[in-house]
Trainee: 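This structure is in C-alpha cells; I'll ask about it shortly.
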Amino acid sequence: MPRDPTIRTSGTVGAVAAVGWLLSGLLRAIVAGSSFGSGSLAELLVPGTGGALLRTGAPLSVVAGLAGALAVGAVTGLLTYAVVRRPPGRAGVLLACWFAAVLGSVLGQLVSAAIAPGTAWLTVGNDVQSALWAGPYWGVVYGWAVGQAAVALLRRSGVTLVPAAAARARGAALVAGAVVGLGWVVTGLLQRGIVDALGPGGGSAARIVPVLLPNTATDYLSGGTPEVTVAFGLAALVVGTVAGVVTWVAARSADPAAGRTAFVLAAWLGAVLGSSLGPALTALGYAVGVGGRGLSPALVLNVLAAGVPTSALWGVLYGWLGAVAALVVLGRARRRVRPAGAQARQPAHRA
C-alpha cells in the first residue's frame with residue numbers, strides 16, 4: 001500500500017465512491033418490485049445508478065455497470081488527490097470531495113448508459129440523456145459520506161486539517177449566490193423560450209436544448225397564476241442562498257490563496273445542491289396554486305421525489321460561474337491588502 005497519505009487517501013476515497021455507487025444501484029433494483037421501491041422515499045434515498053445493470057446478469061450489462069463504477073472511482077479519486085495535496089480545513093475537504101463524488105457519479109452514469117445494450121442517445125427519458133439528468137443525484141445524496149471518508153483518512157494519516165479563512169468571505173458568498181440565482185432564472189427562461197420557438201416539430205434540437213439548459217422550473221410558469229410566479233421567485237432565492245452559504249463555508253475553510261482547487265470544487269457544490277431544489281419548489285407552488293391541492297406532507301414528499309433527483313444537472317454545468325465570481329472577489333480583496341513593511345517603506349521612498 002502506498003505510504004504517501006495523499007495517494008492512499010485519494011485511492012481509498014475513489015474505491016469508496018465506486019462501491020457505494022454500485023451498491024445503491026443494486027439496492028434500487030432489488031427493492032424495485034416492493035411497495036417501498038415504488039414510493040417517494042425510495043426515489044429520494046436510494047438513487048438509481050448503473051449498478052442496477054449487474055442484477056440483469058447479461059454480460060454486456062454487467063460490463064456497463066462495472067465500467068461505470070470504475071469511472072466513478074477514477075474521477076472521484078483524481079479530484080480528491082488534487083484537493084488533499086494541499087488540504088484546507090475539514091469543511092473544505094468534505095465539500096470539495098462531495099463535489100468530486102457528484103462529478104464522478106455523472107460520468108459513471110454516462111459510461112454505463114453508453115455501453116448498455118440498446119442505447120438511444122437522444123431519446124427523452126431514456127439511456128444517455130436520462131443518465132445526464134439523473135447522473136449527479138447519487139453524489140448529491142451520498143457525496144457527503146465520500147467527503148467524510150476523506151477527512152477521516154487524512155486525520156488517521158496524521159495530516160492536520162487547518163482551515164484558512166479568506167478575506168471578504170461574506171462578499172464572495174453574496175456575489176456567488178447572486179450569480180447562481182440569476183443564472184438559474186436566465187437559463188430557465190432561455191430554455192423555455194427556445195423550446196417554445198422550436199415547437200413540437202423541433203426534432204433533435206428540441207431534445208438537446210433541455211440538456212444544455214437544464215432548468216425545468218419554467219415549465220410550470222405556463223399556468224400563469226401568481227402562486228406559481230411567487231414560487232419560481234422563491235425557488236430562485238433558495239437556489240442562490242444555498243450556493244451562497246456553501247461558498248461562505250468554503251471561503252472560511254479553503255482560502256484560494258492556499259490552493260484554488262478545494263475552494264472551486266466546494267463552491268461549485270453549492271450550485272449543485274441549490275439547483276437540486278429549484279424545480280421541485282416551483283412544482284410545489286404549481287400544485288398548490290393551479291392544482292388547488294392543500295399543502296400536506298404527502299404532497300411535499302411526492303413533489304420532491306419527482307423533481308429533486310433530476311434537477312442537479314444545472315449546477316454541474318453552470319455552478320462554476322458562481323465559483324469563478326467568488327474567486328474574483330477574493331482575489332481583489334487579497335490585492336488590496338498591503339504588507340505592513342511595504343506601507344512603512346513608502347514615505348522613505350518618497351523622500
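Heavy-atom basis, side chains included; hydrogens, waters and symmetry copies ignored.
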Trainee: What verdict does the side-chain contact (heavy atoms from CB on, under 4.5 Å) test give for Val239 and Leu277, after you've listed the backbone C-alpha separation in whole Å, the side-chain angles of each residue and the deciding distance to 0.1 Å?
Mentor: CA-CA 7 Å; Val239 171; Leu277 299 173; 5.7 Å; no
Trainee: In the structure I gave you, are the side-chain heavy atoms of Val141 and Leu45 within less than 4.5 Å of one another anywhere?
Mentor: no
Trainee: Any ring-ring contact (aromatic ring centres under 6.0 Å, His included) involving residues 60-84? Give me the pairs, sequence neighbours left out, ordered by first then second residue.
Mentor: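 Qualifying pairs, neighbours excluded: none.
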Trainee: Closest heavy-atom contact between Gly108 and Val72?
Mentor: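 Shortest heavy-atom contact: CA-CG2, 3.7 Å.
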Trainee: Can you give me the closest heavy-atom contact between Gly315 and Val272, atom names plus distance?
Mentor: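 Looks like C-CG2, 3.6 Å.
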Trainee: Could you tell me whether a side-chain N or O of Thr187 sits under 3.5 Å from a main-chain N or O of Leu213, the two making a donor and an acceptor?
Mentor: no
Trainee: Determine, step by step, whether Leu234 and Leu281 satisfy the side-chain contact (heavy atoms from CB on, under 4.5 Å) criterion, reporting the C-alpha distance in whole Å, the side-chain angles of both residues, the deciding distance to 0.1 Å, and the verdict.
Mentor: CA-CA 8 Å; Leu234 290 176; Leu281 295 176; over 6 Å; no
Trainee: When you measure from the side chain of Thr9 to the backbone of Thr6, do you find a donor-acceptor pair of N or O atoms at a distance under 3.5 Å?
Mentor: no
Trainee: Give a yes or no on whether the ring-centroid distance for Phe232 and Trp184 is below 6.0 angstrom.
Mentor: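 So the answer is yes for these two rings.
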Trainee: Checking the side chain of Thr56 only, and the main-chain atoms of Leu53 only, is there a donor and an acceptor separated by less than 3.5 Å?
Mentor: yes
Trainee: So do the side chains of Val249 and Leu95 get within less than 4.5 Å of each other, counting heavy atoms only?
Mentor: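 When only atoms from C-beta onward are counted, Leu95 and Val249 do touch, with a gap below 4.5 Å.
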Trainee: Let's go through Leu153 and Arg8 carefully: what are the C-alpha distance in whole Å and the side-chain angles of both, what is the deciding distance for side-chain contact (heavy atoms from CB on, under 4.5 Å) to 0.1 Å, and is it a yes or a no?
Mentor: CA-CA 8 Å; Leu153 287 166; Arg8 182 169 62 248; over 6 Å; no
Trainee: For a ring-ring contact (aromatic ring centres under 6.0 Å, His included) with Phe99, tell me which candidate from Trp268, Phe263, Trp144 qualifies.
Mentor: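 Running ring-ring contact (aromatic ring centres under 6.0 Å, His included) over Trp268, Phe263, Trp144 with Phe99 returns exactly one hit, Trp268.
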Trainee: Does any N or O in the side chain of Trp98 come within less than 3.5 Å of the main-chain N or O of Ala266, such that one atom is a donor and the other an acceptor?
Mentor: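 Pair absent, no side-chain N/O of Trp98 close to backbone of Ala266.
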Trainee: Is it the case that the side chain of Thr49 and the backbone of Gly25 share a donor-acceptor pair, with hydrogens and angles ignored and the cut-off at 3.5 Å?
Mentor: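 Checking the backbone N and O of Gly25 against the side chain of Thr49, a donor-acceptor pair under 3.5 Å is found.
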Trainee: Between Ser112 and Gly50 (side chain of the first, backbone of the second, donor and acceptor by atom type, cut-off under 3.5 Å), is there such a pair?
Mentor: no
Trainee: Keeping Trp320 on the side-chain end and Leu317 on the backbone end, is there a donor-acceptor pair under 3.5 Å?
Mentor: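 Yes: the side chain of Trp320 pairs with the backbone of Leu317.
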Trainee: Please confirm whether the backbone N or O of Gly57 pairs with a side-chain atom of Ser61, one donor and one acceptor, at under 3.5 Å?
Mentor: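 Side chain of Ser61 to backbone of Gly57: no pair is present.
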Trainee: Is there a donor-acceptor pair under 3.5 Å between the side chain of Trp314 and the backbone N or O of Ser311?
Mentor: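 Pair absent, no side-chain N/O of Trp314 close to backbone of Ser311.
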Trainee: Would Arg28 and Arg55 count as a side-chain contact (heavy atoms from CB on, under 4.5 Å) if you check the C-alpha gap in whole Å, the side-chain angles of each, and the deciding distance to 0.1 Å?
Mentor: CA-CA 10 Å; Arg28 183 60 183 274; Arg55 185 167 170 78; over 6 Å; no
Trainee: Counting distance only, does the side-chain N/O of Tyr137 pair as donor-acceptor with the main-chain N or O of Leu44 below 3.5 Å?
Mentor: yes
Trainee: Within the 4.5 Å heavy-atom criterion, are Val84 and Thr80 side-chain neighbours or not?
Mentor: yes
Trainee: List, by chain and number, the other hydrophobic cluster members for Val19, where Ile, Leu, Val, Met, Phe, Trp and Tyr join if side-chain heavy atoms come within less than 4.5 Å, directly or indirectly.
Mentor: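 Joined to Val19, directly or through intermediates: Leu23.
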Trainee: Specify the closest pair of heavy atoms between Ala172 and Thr247, including all atoms of both residues, with the distance to one decimal.
Mentor: O-CG2, 4.1 Å
